[in-house]
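Predicted model, so just to flag it, every value in this text is computed and none were measured.
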Amino acid sequence: MRYIDLIAERPLVWGLFAAYLIGTSWLAVLGHRKTRDLRSFAIGRGDMSPWIVGITLAASIASTATFVINPGFVYAHGLSAFIHLGVAAGLGIACGLLLMSRGFRRVGAQTRAITLPQWIGERYGSRGLATLFAAIQLLSVSFVVLILGGVSIVMQKTLGLSNVESLVLVTVFVFGYIFVGGTYAHAYTNTLQGAIMIAVTLVILASALPSLGDGVGAFASRLAAIDPNLVRPVNPASPLFGDAFTVYVAGFVVGFALVCQPHIMTKALYVKDDRAVRRYVAVAIAVFALFSSLLLVGLFARADGALPPDIRQDAVMTAYIAQTFPPAVVAVIAVALLAAGMSTLDGILVALSTIAANDLFLGLTERNLLADRTPEQRAAIAHRVSRVILIGLGVVAFAIALDPPALLGIFGQVGVYGIVAASTVPILFGVLPTRLSRAGAATAAVVGMGLHFTLYAAGVRNPAVSATWGLLASAGYAILHCTTIRVLVGGGVPDLAEVRRRP
């Protein structure tokens, strides 16, 4: 009876949300028809359109963080937060995609890798390295919790559901359609979700025109009247964005490193050649730049001064939308915000469940428990295991999201930045003509991740800063290691086939 009352109170938003659920489910069924084994579940058949992959990638990068969480940081800390999270990080992401995507696809095509840990293991000729990186990728659960929490906030504000009801709905739905359709479901639904997100981004940005009616200077003056630090490129009063290194250097470095997440980097394996890579990267960068401009909503909301002074930072976006737009438009935007969260969540789930099945389960069992099975039988078993693991991930993430941390954005960043602090240098040195050994790759990963978590535990407030120092230390070690190897054994790049033959 309660749900009937909720639908009667908000018929438009519930109707649009139901249409979105139906459309997404239909696309998942289409994806299921193309999903036959673990490989097609993980990366498809390598034949996807660059346009689909580009929009899928941009939607995966943007997620709840861009559409719901990060505008709150800009609201609280001003221009410095926008430069760090939008401009510097966006430039880093663009450079990372341009530099690494083609090389990643080429190595992946040679080795037939379907996951990021498998790619690293094949590139450096080490099964143990693949297992190590597979275990590290499990930290992505923290970002799953961030997305679930962000989507729950939107559902509570727009659909009238409780936190528990919202978490149950989004967990069952998203985990369910990925269970059915795998990567094809992820790509098809993300294309729909991305299109919705593009349209709504333009609508929200158009709402800012009245705020800028007297010009950018007048708008900045209104912000400065509230707090002069809000319009400074570096906010000296901010515990998160209080120095140039944090705003500019850490923003760029972490943006570059974020490309090395498994659900982002493996997009290069969805397409068939370098030309397709160039096209999808161009589409992704353009669409993501548009999405990043939504962070300016934090400044618009602060200048208007209409939000409660004690508003929770994570709730700024939803509150601004509710106060700015009529109910019909709010309903459409609400569905877009939900789509933003689901578009990244499904990509992470495909990557995590495949990694756990392919690199942990198979990696630890195919030489003993599954030694008497054929490769085809092992792959079939791994495919079934990936679905079981998917269910387990849903249970764990749901349990954590029931009582989320105070700042979901920081919680998610700490875990994700740990992953990229470990992964970036081995991937970067794997696509460039370097001589980083398997031991060097493992040590660089441990140095990067270890320093990140150590500095954050020691009191570094912004996890981007601790991750940046970890990445710089990891890169410094790798460069020194390669220089030492070159002095000892001479220059040149080892052939990939030769690397894989090493004991």
* Asked: Hey, does the side chain of T318 reach the backbone of A315 with a donor-acceptor pair shorter than 3.5 angstrom?
  -> yes

* **T266 side chain vs L269 backbone, donor-acceptor pair below 3.5 Å** => no

* To do: Check the pair V141, I348 against side-chain contact (heavy atoms from CB on, under 4.5 Å), reporting the backbone distance first and the verdict last.
  => CA-CA 9 Å; V141 170; I348 294 175; over 6 Å; no

* Please list, chain by chain and in numerical order, all residues satisfying salt bridge (Lys or Arg N to Asp or Glu O under 4.0 Å) with D274, sequence neighbours excluded. => R105, R106

* Do L360 and L138 pass the side-chain contact (heavy atoms from CB on, under 4.5 Å) test, and can you show the C-alpha distance, the side-chain angles, and the key distance before you say yes or no? -> CA-CA 11 Å; L360 288 178; L138 297 180; 4.1 Å; yes

* **Side-chain heavy-atom pair Y280, I52 within 4.5 angstrom cut-off** => no

* To do: Evaluate the side-chain proximity of V297 to V74: yes if any heavy-atom separation is below 4.5 Å, no if none is.
  => no

* Return each pair, listed once, that meets side-chain hydrogen bond (donor to acceptor under 3.5 Å, both in side chains) where at least one residue sits in residues 49-61; pairs must be two or more places apart or across chains. => S60-N190

* To do: Identify the heavy atoms of S423 and C260 that sit nearest to each other, and give their distance.
  => CB-O, 4.1 Å

* Indicate the atoms forming the closest heavy-atom contact of A421 with L471, along with that distance. => CA-CD2, 3.6 Å

* **F73 side, atom CZ; I69 side, atom CD1 - distance, nearest 0.5 Å** => 7.5 Å

* Hey, does the side chain of R302 reach the backbone of Y75 with a donor-acceptor pair shorter than 3.5 angstrom? -> yes

* Structure fact -> ring-ring contact (aromatic ring centres under 6.0 Å, His included) filter on W14, not counting sequence neighbours, yields none

* Asked: Does a side-chain heavy-atom distance below 4.5 Å link F300 with S207?
  -> no

* Calculate, to the nearest 0.5 Å, the distance between atoms CG and CH2 belonging to L455 and W469 respectively. => 9.0 Å

N/O donor-acceptor pairs under 3.5 Å from side chains in residues 461-468, not counting sequence neighbours:
| residue | atom | partner | partner atom | Å |
| --- | --- | --- | --- | --- |
| N462 | OD1 | A464 | N | 2.9 |
| N462 | ND2 | L240 | O | 2.8 |
| S466 | OG | H452 | ND1 | 2.9 |
| S466 | OG | P463 | O | 2.9 |
| T468 | OG1 | A464 | O | 2.7 |

* Asked: Within a strict 4.5 Å, meaning less than it, do heavy atoms of the T111 and R123 side chains meet?
  -> no

Side-chain polar contacts of residues 245-253 - donor-acceptor pairs under 3.5 angstrom, sequence neighbours left out - could you list them?
| residue | atom | partner | partner atom | Å |
| --- | --- | --- | --- | --- |
| T246 | OG1 | D243 | OD1 | 3.0 |
| T246 | OG1 | D243 | OD2 | 3.0 |

* Nearest atoms (heavy-atom pairs only) where S474 meets A445 -> OG-N, 4.4 Å

* **Test side-chain contact (heavy atoms from CB on, under 4.5 Å) applied to I93 and F256, step by step** => CA-CA 5 Å; I93 288 171; F256 184 97; over 6 Å; no

* Side-chain ion pair, R275 and D273, N-O less than 4.0 Å -> no

* Asked: Can you name the closest pair of heavy atoms from S142 and G412 and give their distance?
  -> OG-O, 3.6 Å

* Indicate yes or no: at least one non-hydrogen side-chain atom of L294 is less than 4.5 angstrom from one of N70. => no

* Asked: Can V13 and V330 be said to form a side-chain contact (heavy atoms from CB on, under 4.5 Å), step by step?
  -> CA-CA 8 Å; V13 68; V330 169; over 6 Å; no

* **Residues in ring-ring contact (aromatic ring centres under 6.0 Å, His included) contact with F453, at least two apart in sequence or another chain** => none

Donor-acceptor pairs are to be reported for all side-chain atoms of residues 144-166 against protein atoms at under 3.5 Å, with residues two or more places apart or in another chain.
| residue | atom | partner | partner atom | Å |
| --- | --- | --- | --- | --- |
| S152 | OG | Q156 | NE2 | 2.8 |
| S152 | OG | N163 | OD1 | 2.6 |
| Q156 | NE2 | S152 | O | 3.2 |
| Q156 | NE2 | N163 | OD1 | 3.4 |
| T158 | OG1 | V154 | O | 2.7 |
| S162 | OG | E165 | N | 3.2 |
| S162 | OG | E165 | OE1 | 3.2 |
| E165 | OE1 | R2 | NH1 | 2.9 |
| E165 | OE1 | R2 | NH2 | 3.4 |
| E165 | OE1 | S162 | N | 2.9 |
| E165 | OE2 | R2 | NH1 | 2.7 |
| E165 | OE2 | Y3 | OH | 2.7 |
| S166 | OG | S162 | O | 2.8 |

* **OG1 on T354 to CD on Q137, rounded to 0.5 Å** => 12.0 Å

* **N358 side, atom CG; T115 side, atom OG1 - distance, nearest 0.5 Å** => 5.0 Å

* Structure fact -> Note: I355 and P262 closest approach over all heavy atoms is CD1-CB, 3.8 Å

* Could you tell me which non-hydrogen atom of Q313 sits nearest to which non-hydrogen atom of A76, and how far apart they are? => OE1-CB, 3.6 Å

* Asked: Is there a side-chain contact between D359 and F133 (heavy atoms, below 4.5 Å)?
  -> no

* Structure fact -> When rounded to the nearest 0.5 Å, the distance separating CG of L352 from CG of L139 is 9.5 Å

* Do the side chains of V203 and V329 get nearer than 4.5 Å, heavy atoms only? -> yes

* Between the main-chain N or O of Q118 and the side-chain N or O of E122, is there a donor-acceptor pair closer than 3.5 Å? -> no

* Keeping the roles fixed (side chain from S353, backbone from V350), state whether a donor-acceptor pair exists under 3.5 Å. => yes

* Asked: With sequence neighbours left out, what residues match F291 under ring-ring contact (aromatic ring centres under 6.0 Å, His included)?
  -> F67

* Sequence-distant partners of A130, side chain to side chain contact (heavy atoms under 4.5 Å, CB included), two or more places apart -> none

* How would you list, by chain and number, every residue that makes a side chain to side chain contact (heavy atoms under 4.5 Å, CB included) with L258, sequence neighbours excluded? -> V254, Q261, V416, Y417, V420

* Asked: Any sub-3.5 Å donor-acceptor pair from Y124's side-chain atoms to P426's backbone N or O?
  -> yes

* **Test ring-ring contact (aromatic ring centres under 6.0 Å, His included) applied to F104 - qualifying residues, sequence neighbours left out** => W119

* Asked: Which residue pairs pass the side-chain hydrogen bond (donor to acceptor under 3.5 Å, both in side chains) test with at least one member in residues 281-301, sequence neighbours excluded?
  -> none

* Find the distance between CG (L57) and NE2 (H263) and round it off to the nearest 0.5 Å. => 8.5 Å

* Asked: Do F325 and I333 have side-chain heavy atoms sitting under 4.5 Å apart?
  -> yes

